[in-house]
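When reading the values below, keep in mind they use all heavy atoms of this one structure, side chains included, and skip hydrogens, waters and symmetry mates. Lettering of chains follows the sequences in order, A, B, ..., and the numbering in each one begins at 1.
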Amino acid sequence: MIDNSENKEPVKKSNFIHSQIEKDLQEGKNDGRVHTRFPPEPNGYLHIGHAKSICLNFGIAEKFGGKCNLRFDDTNPSKEEMEYVESIQKDVRWLGFDWEDRMFYASNYFEKLHEFAIKLINEGKAYVDDQDAETISKQKGTPTRPGQESPFRNRTVEENLDLFRRMTLGEFDEGSRVLRAKIDLASPNMHMRDPIIYRIMKAHHHRTGDKWCVYPMYDFAHGQCDYWEGITHSICTLEFEVHRPLYDWFIDQLKDSDYRPRQIEFARLNLTYTIMSKRKLLELVKENYVNGWDDPRMPTISGLRRRGYTPESIRNFSERIGVTKVDGMIDVSLLEYSVREHLNKTAQRVMGVLNPLKVVITNYPENQEEELDAINNPEDESMGTRKVPFSKELYIERDDFMEEPPRKFFRLAPGREVRLRYAYFVTCTDVVKDENGEITELHCTYDPASKGGNSPDGRKVKATLHWVSAKHAVKSEVRLYDRLFNDEDPSGHKDVDFKEFLNPDSLKILPDCYVEPFVKASKPLDHFQFERLGYFSLDYDSKTEKPVFNRTVPLRDSWAKAQQNK
RNA sequence: UGUCCUGUGGUGUAAUUGGCAACACGUCUGACUCUGGAUCAGAAGAGUCCAGGUUCGAGCCCUGGCAGGACAACCA
């Protein structure tokens, strides 16, 4: 293992797939080549689960000096769209991976696939079945009961050839006929019971247009595409495990050398409090439960990006969770830990007040202003310092003041002295309230000798507060996100729809926040730490007059935690 | 009452050819601190699904159970 403790990236772990590849290499398989592929279907946006697969596949290529292709599995035109193929490319690139000149589509192979089907017919290994879906399904039997042969199973090669030709020409209606591989109706594996390999679909395909009236099924396309691309290790998720004998069967019909791709399955990612099904994510988007695929509450790559996650943090997360065949559930807190870890080291610090409470420094000269030095990132000296304006009227966080502070509340209270970060020690002298008894303003005095945050007499103060000068503050909107679902496993309940668990408080918009002027120059997706609060990132919805910040994740907060446990 | 897969602290992953069950997250202490952050130090927490067997020695090998998951779209 490589010692990369310097950059603190998690050490790259090995896993069972790496071991199997090493073994294949030792045995001299496939001329020592390692070639993987990431094969999304363009029927939705990529999510964090895909990120795991992307990191795995591209990571293997990197580790073994091989290659990794991007291949769109576009065999079902009724669900696939160009918008998705574009978003997928963007997301893979953003994650930091490069397929170079190897971007392919299953539809690139439609011609070859069709020829291969004809070859199987000629060899008596495929036949046209005239029955409808329901009949075929019934004949297939059940996992515990063998299937029965179709009455059309023993048609002549000539008849099959003719029928398939006419299916291809569009002479028949959708659903009226299919092409099936002739394998074994009695197989204990349902996928070997004469699987359907071509169906009639008169849909417009996003790439081939109206050229085809028949489209290959997944099982008939995937392995063959792997074969033609020279893939050596075809890595997919556990649910395809039972497909493997069929995958191998088609490869056996195709191969003419020692080379053969090998399918290896691993457990897909499950995260607590989130759903990973593209179908369900699409439902949230279509029915407006969220604001699009890139809503920052979505587990999509584009949602995480907009939320303020970094590619590094997602890659580190993938590395940390490992790769196995155990179907488990990862705690989201591990994902959150990964962003905090990265952002702590890289994010520009800034002061911002979410729930403002006005403070007047009564002994500060009326029209005076000054600029104080603030550190941009205490974890990274090279990021330097900046100036923060200070004046008589400030905003502090409402939560940072309590009129009757409980034990262990160290922040501001009547008569108490605290430090304003990088500025002065201040002492609260008066609490101003409105007729309803609501606190509207605080009066404080400051100690001019404590400029910069230290008092010459060495007296200590228990808390440091963040603040913003009222006159210089940039009024901003801040969007606070919480988990989208309030159940650990929203889709794990048999009789309850996952939408029942939608968290009504997953988005809280704070329209009147104040942030220090430094943020004026920022661009969407810039990352900040609002000191003492959390990590925030500028949203695309920002206007120059009014920036909008998304909270990526709050800082760990031992005070809040102690309160919760009460 | 089929086939295939999987069972290791709360969670996720490790443990060369059998050799004192390790690491990360989380949790709890304490130190430090101009972020109640970060950092640092420490602690608790599993005897590896169960039962037999082989062995000086089993998480790992053998036998038999048990539990969970996948498979019966003209989806991928």
Open item on the list: Centroid separation under 6.0 Å, is that true for the rings of A/His222 and A/Phe250?
Closed with: no

Task: Distance, C1' atom - from B/rU48 to B/rU39, rounded to whole angstrom - done: 34 Å

Open item on the list: Under 3.5 Å for both donor-acceptor distances, Watson-Crick or wobble: does B/rG36 have a partner, and if so which one?
Closed with: none

Task: Atom C1', compared across B/rU54 and B/rG45: separation rounded to whole Å - done: 33 Å

Open item on the list: Under 4.0 Å, counting only non-hydrogen atoms across every strand here, what does A/Arg349 touch: a base, just sugar-phosphate, or nothing?
Closed with: base

Open item on the list: Just the rounded figure in Å: distance from P of B/rA14 to CZ of A/Phe16.
Closed with: 9 Å

- [ ] Provide, to the nearest angstrom, the distance between the CG atom belonging to A/Asp489 and the C1' atom belonging to B/rG68.
- [x] 14 Å

Task: Atom-pair distance (CD on A/Glu241; C1' on B/rA70), nearest Å - done: 8 Å

Open item on the list: Only pairs with both distances under 3.5 Å count, Watson-Crick or wobble alike; so what is the partner of B/rA22 in this structure?
Closed with: B/rU13

TODO: Assert yes or no for the condition that the ring centre distance of A/His206 to A/Tyr84 is strictly below 6.0 Å.
DONE: no

- [ ] With P as the reference atom in both, quote the distance from B/rC5 to B/rA38 in angstrom, rounded to an integer.
- [x] 44 Å

TODO: Please state the P separation for the pair B/rA58 and B/rU16 - nearest whole angstrom.
DONE: 16 Å

TODO: In whole angstrom, give me the gap between the P atoms of B/rA70 and B/rG26.
DONE: 31 Å

TODO: Using the closest heavy atom to pick a nucleotide of RNA chain B for each, name whichever of A/Leu334 or A/Lys451 lands nearer the 5' end.
DONE: A/Leu334

Task: Polar pair under 3.5 Å, donor/acceptor by atom type, side chain A/Glu379, base B/rG37 - done: yes

TODO: Could you tell me which nucleotide pairs with B/rG42 by Watson-Crick or G-U wobble geometry, both distances under 3.5 Å, or answer none if nothing does?
DONE: B/rC28

- [ ] Pick base, sugar-phosphate or nothing for A/Pro146, based on heavy-atom distances below 4.0 Å to the nucleic acid.
- [x] nothing

Task: Side chain of A/Arg421 - closest among B/rA72, B/rC74, B/rU35 - done: B/rU35

Open item on the list: Taking the ring centre of each residue, are A/Phe390 and A/Trp467 less than 6.0 Å apart?
Closed with: yes

Open item on the list: Looking at A/Arg207, I'd like to know if its CZ atom is crowded, meaning that more than 12 non-hydrogen atoms belonging to other residues, nucleotides or ligands lie closer than 6.0 Å.
Closed with: yes

TODO: Could you please name the partner base of B/rC66, counting Watson-Crick and G-U wobble pairs only when both distances are under 3.5 Å?
DONE: B/rG7

Task: Rounded interatomic separation in angstrom, taking CG from A/Leu335 and P from B/rA24 - done: 19 Å

- [ ] Take atom P in B/rA76 and the same atom in B/rC23, then report the distance between them in whole Å.
- [x] 46 Å

Open item on the list: Other residues, nucleotides and ligands only: do more than 12 of their heavy atoms fall within 6.0 Å of NZ on A/Lys63?
Closed with: yes

TODO: Among the candidates B/rA14, B/rU3, B/rU11, find the nucleotide nearest to the side-chain atoms of A/Thr324.
DONE: B/rA14

TODO: Using heavy atoms to find the nearest nucleotide of RNA chain B for A/Tyr337 and A/Tyr535 separately, return the residue whose nucleotide is more 5′.
DONE: A/Tyr337

Open item on the list: Using a 4.0 Å heavy-atom cut-off, does A/Ser137 contact any base of the nucleic acid, only the sugar-phosphate backbone, or nothing at all?
Closed with: sugar-phosphate

Open item on the list: Partner lookup for B/rU1, please. Criteria are Watson-Crick or G-U wobble with both distances under 3.5 angstrom; report none if nothing qualifies.
Closed with: none

Task: Rounded interatomic separation in angstrom, taking CG from A/Asn270 and P from B/rA70 - done: 11 Å

- [ ] For B/rC49 and B/rC60, measure between their C1' atoms and round to the nearest Å.
- [x] 16 Å

Open item on the list: Could you tell me how far apart A/Arg180 (CZ) and B/rA73 (P) are, to the nearest whole angstrom?
Closed with: 12 Å

Open item on the list: Before we go on, tell me: are the rings of A/Phe240 and A/Phe266 under 6.0 Å apart, centre to centre?
Closed with: no

- [ ] Describe the nucleic acid contact of A/Val323 in one word from base, sugar-phosphate, nothing, applying a heavy-atom distance below 4.0 Å.
- [x] sugar-phosphate

TODO: Write down the partner of B/rU54 under the Watson-Crick or G-U wobble criteria, each distance required to be under 3.5 Å.
DONE: none

- [ ] Kindly state whether the ring of A/Tyr337 and the ring of A/Phe317 have centres lying under 6.0 angstrom apart.
- [x] no

- [ ] Using both distances under 3.5 Å as the test, list the Watson-Crick or G-U wobble partner of B/rU48, or none.
- [x] none

Open item on the list: Whole angstroms only, please: what is the OH-C1' distance between A/Tyr215 and B/rA76?
Closed with: 16 Å

TODO: Sticking with atom C1', work out how far B/rC66 lies from B/rG42, rounded to a whole angstrom.
DONE: 40 Å

Open item on the list: Please report the distance, rounded to the nearest Å, between CG in A/Asp327 and P in B/rC71.
Closed with: 11 Å

Open item on the list: Under 4.0 Å, heavy atoms only, any strand: does A/Gln529 hit a base, just the sugar-phosphate, or nothing?
Closed with: base

